[in-house]
Asks: 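Have a look at this one.
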Amino acid sequence: MSRRYITTAIDYPNAAPHMGHVLEKVLADVCARWFRLKGDDVRFQIGTDEHGTKMQRAADKEGVTPQELADRNVELFTGLYDRLQISHDLFIRTTDQKVHWPTVQVIWKKLADAGMLEKRSYKGLYCSGCERFMTARDLTDGICPNHQVAPEEVEEENYFFLMSKDTENLKNLLTKEWDGESYRIIPNNREKETLALLDQGLEDVSFSRPKSSLDWGIPVPEDDEHTMYVWCDALTNYISGLGLFTDHEEREWWDDATVTHVIGKDIARFHALIWPSMLKHVGVRTPDELLIHGFLTSEGQKMSKSTGNVVVPDDVLEKFDGNPDPIRFYLSHEISVGSDGDFSWDRFEKLYDARMRNALGNLLNRVLILIQKEGGKIAIPDSPSDTTQAEDGWKKFGESMDSFEVHNGIQQALALVDVLNGAIDTTKPWTLEGEEKVTLLSRFAESLRHVSLMLLPFVPQTAQAIAKQLGVPYAKSMLEKDFVITEQMKEFGGQKDWQTIGEPSILFPPLS
RNA sequence: CGCGGGGUGGAGCAGCCUGGUAGCUCGCGAGGCUCAUAACCUCGAGGUCGCGGGUUCGAAUCCCGCCCCCGCAACCA
């Protein structure tokens, strides 16, 4: 058995969560659930990054304190993730002074002791209207588009993290190894992109702001005049959640686990470069895998408030009376891991109808009703061809899932559904009688049991509903975190204590 | 010459790393079945895999050049 630590990016709660947040959490949750199901010891962490000027400004605008804003908005995230049945073990908040801050401050001190932090003056173009430094791209003809004024050149003191020292090391870490450690980027088309960053050369990174320009954050240890900027604060959540460098360390989840960070392409550079560099200089090993997902468009267009095409996740849930599985299914099935994808209501409804309702739900129903008419008994015959197919199916499925090609995994499960629907028409069980009929139908039911197990990481509730209708004895414990898909369960006819079916019912109702 | 991503039948995508009969979902046409949620199955139409060149016995896949879309991932969480 192996240990796995899976994390997502921590979300910035200056506004309500959108589909992009959901994509990432569902992807990570599918992975976490899969590894649990195969028997790994899994710890899964998500959270919120609550500091910074954006939060400060959003709070000022509303006339509340940043903490009040954070407390209020964080509930939008935790509530949504509960409704989506994200199976995290810890939700970490960067404003948590007990869980998060102590580790961060130790990290800072260790980086300082290692000679990796240096106070320098930073010169930039500051717009007093925006209250922030502007980059060349922010400006139109050198003028702030929001305030129609030219920003002034301002100089301030920052602590810089001397990352440029690690350029070669990081390249080695990502391509070969650094001190025997390697950090793999998944999928490999993202690897190329990230490595290109290295070729551009690495610059040192600003790690702090004067307190006068950034107050809402973690104070720099032993320097009252400065507040930590996002990197040291936010990235550290991955180990502060494990209590590293405190008296309640759970270090086995880092040192003796496969560590996988699930993040979006926008923050790949920080996770691929700054984070491992920080870790090395505080004497903590680097993570193992960086799983980078793409962005979602909405109806083929970039999601933005001005376009008005931002999809509110709760609207999607509401369409299905709070059932999280349709959206979990859509995101898993339609978006290739790592690629950009699109959310379209039309596509979403069609997929629900065609795949979930017609292919899967209807198959379950037709099989169960036929069995019910024969008395509801299950009698799975020995069948070498079925046995081989089950073995091959699980092998392929496992390979897809293990390599994080989860879209292939769910599609394989659905491909099996198609095969079964076809086989029913060919074998016409309704024309048979007696034992012949029961054994044939039992084979279909048994195949559906396998489908249900394969769907379990993606659509847990649905997978359990299928197993319950099938009457599989383990059905009631399927959603528990210690439920494991055993070798026996993966065998065709391996569930010896399964005798009768349950009560058939409509798995997915039609859309109104 | 900023950096990336993409261009595959009507629509949306997979395949490309590790060359070898072009695959999936939706849509369309014609049959079939009647167990089932007006569902299901079969067959069919529809593609010079952006363009040009190269490597190869063989290229959607590898190499070179070009065209067209999209993103910003430059201290933006």
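Heavy-atom basis, side chains included; hydrogens, waters and symmetry copies ignored. Note on naming: letters A, B, ... go to the chains in the order of the sequence lines (proteins, then strands), and numbering restarts at 1 for each one. Predicted model, so just to flag it, every value in this text is computed and none were measured.
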Asks: Should stems be defined as at least three consecutive Watson-Crick or G-U pairs with both distances under 3.5 angstrom, which of them involve RNA chain B?
Replies: B:2-7 with B:67-72, B:10-13 with B:23-26, B:28-32 with B:40-44, B:50-54 with B:62-66

Asks: Taking only residues two or more places apart in sequence or in another chain, which ones pass side-chain hydrogen bond (donor to acceptor under 3.5 Å, both in side chains) with E399(A)?
Replies: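 Scan of E399(A) (side-chain hydrogen bond (donor to acceptor under 3.5 Å, both in side chains), adjacent residues dropped) gives K395(A).
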
Asks: Return the value, rounded to whole Å, for the distance between atom CG of N421(A) and atom C1' of rA39(B).
Replies: 9 Å

Asks: What is the separation between atom CG on D340(A) and atom P on rA14(B), rounded to the nearest whole Å?
Replies: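 So the two atoms are 10 Å apart, to the nearest Å.
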
Asks: Does K350(A) reach a base, just sugar-phosphate, or nothing at all? Heavy atoms under 4.0 Å.
Replies: sugar-phosphate

Asks: Is the charged tip of K119(A) near the ring of F160(A): under 6.0 Å from the six-membered ring centre and within 45° of its axis?
Replies: no

Asks: For a quick test of reading the model, state the closest non-hydrogen atom pair linking A112(A) to L117(A) and the distance between them.
Replies: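 Taking every non-hydrogen atom into account, N-CD1, 3.8 Å.
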
Asks: For RNA chain B, which residues in residues 422-452 of chain A have a heavy atom at a distance below 4.0 Å?
Replies: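 Contacting residues: G422(A), D425(A), W430(A).
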
Asks: Give one of base, sugar-phosphate or nothing for S206(A), where a contact means two heavy atoms less than 4.0 Å apart.
Replies: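 Touches a base.
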
Asks: Mark yes or no for a side-chain to base donor-acceptor pair under 3.5 Å between R366(A) and rU37(B), with no hydrogen or angle criteria applied.
Replies: no

Asks: Return the set of residues passing side-chain hydrogen bond (donor to acceptor under 3.5 Å, both in side chains) with Y81(A) (not counting sequence neighbours), or none when no residue passes.
Replies: D11(A)

Asks: Which residues within residues 354-364 of chain A lie with some heavy atom under 4.0 Å of an atom in RNA chain B?
Replies: A354(A), R355(A), R357(A), N358(A), G361(A), N362(A)

Asks: Rounded to the nearest angstrom, tell me the gap between atom CG in L420(A) and atom C1' in rU42(B).
Replies: 17 Å

Asks: Would you give the length of the straight line joining atom CE of M228(A) to atom CH2 of W101(A), rounded to the nearest 0.5 angstrom?
Replies: 9.0 Å

Asks: Taking atom P of rC24(B) as reference, at what distance in whole Å does atom CZ of F329(A) sit?
Replies: 16 Å

Asks: So which atom in V262(A) and which in L27(A) form the shortest heavy-atom distance, rounded to 0.1 Å?
Replies: CG1-CD2, 4.0 Å

Asks: Is it the case that more than 12 heavy atoms not belonging to E62(A) sit under 6.0 Å from its CD atom?
Replies: yes

Asks: Given the rule in the salt bridge (charged side-chain N to carboxylate O under 4.0 Å, His left out) test, do R120(A) and E157(A) qualify, once you have shown the distances and angles that lead to the verdict?
Replies: CA-CA 6 Å; R120(A) 291 182 192 162; E157(A) 295 233 287; over 6 Å; no

Asks: At 4.0 Å (heavy atoms only), tell me whether R209(A) reaches a base, stays on the sugar-phosphate, or touches nothing.
Replies: base

Asks: Round to a whole Å and report the spacing from CD of E503(A) to P of rU37(B).
Replies: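 In whole Å, rU37(B) P and E503(A) CD are 13 Å from each other.
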
Asks: With D166(A), which residues qualify under salt bridge (Lys or Arg N to Asp or Glu O under 4.0 Å), at least two apart?
Replies: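 Salt bridge (Lys or Arg N to Asp or Glu O under 4.0 Å) check on D166(A) returns nothing, list empty.
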
Asks: Roughly how far, to the nearest 0.5 Å, is the NE2 atom of H100(A) from the OG1 atom of T236(A)?
Replies: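 Interatomic distance, T236(A) OG1 to H100(A) NE2, rounded to 0.5 Å: 6.0 Å.
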
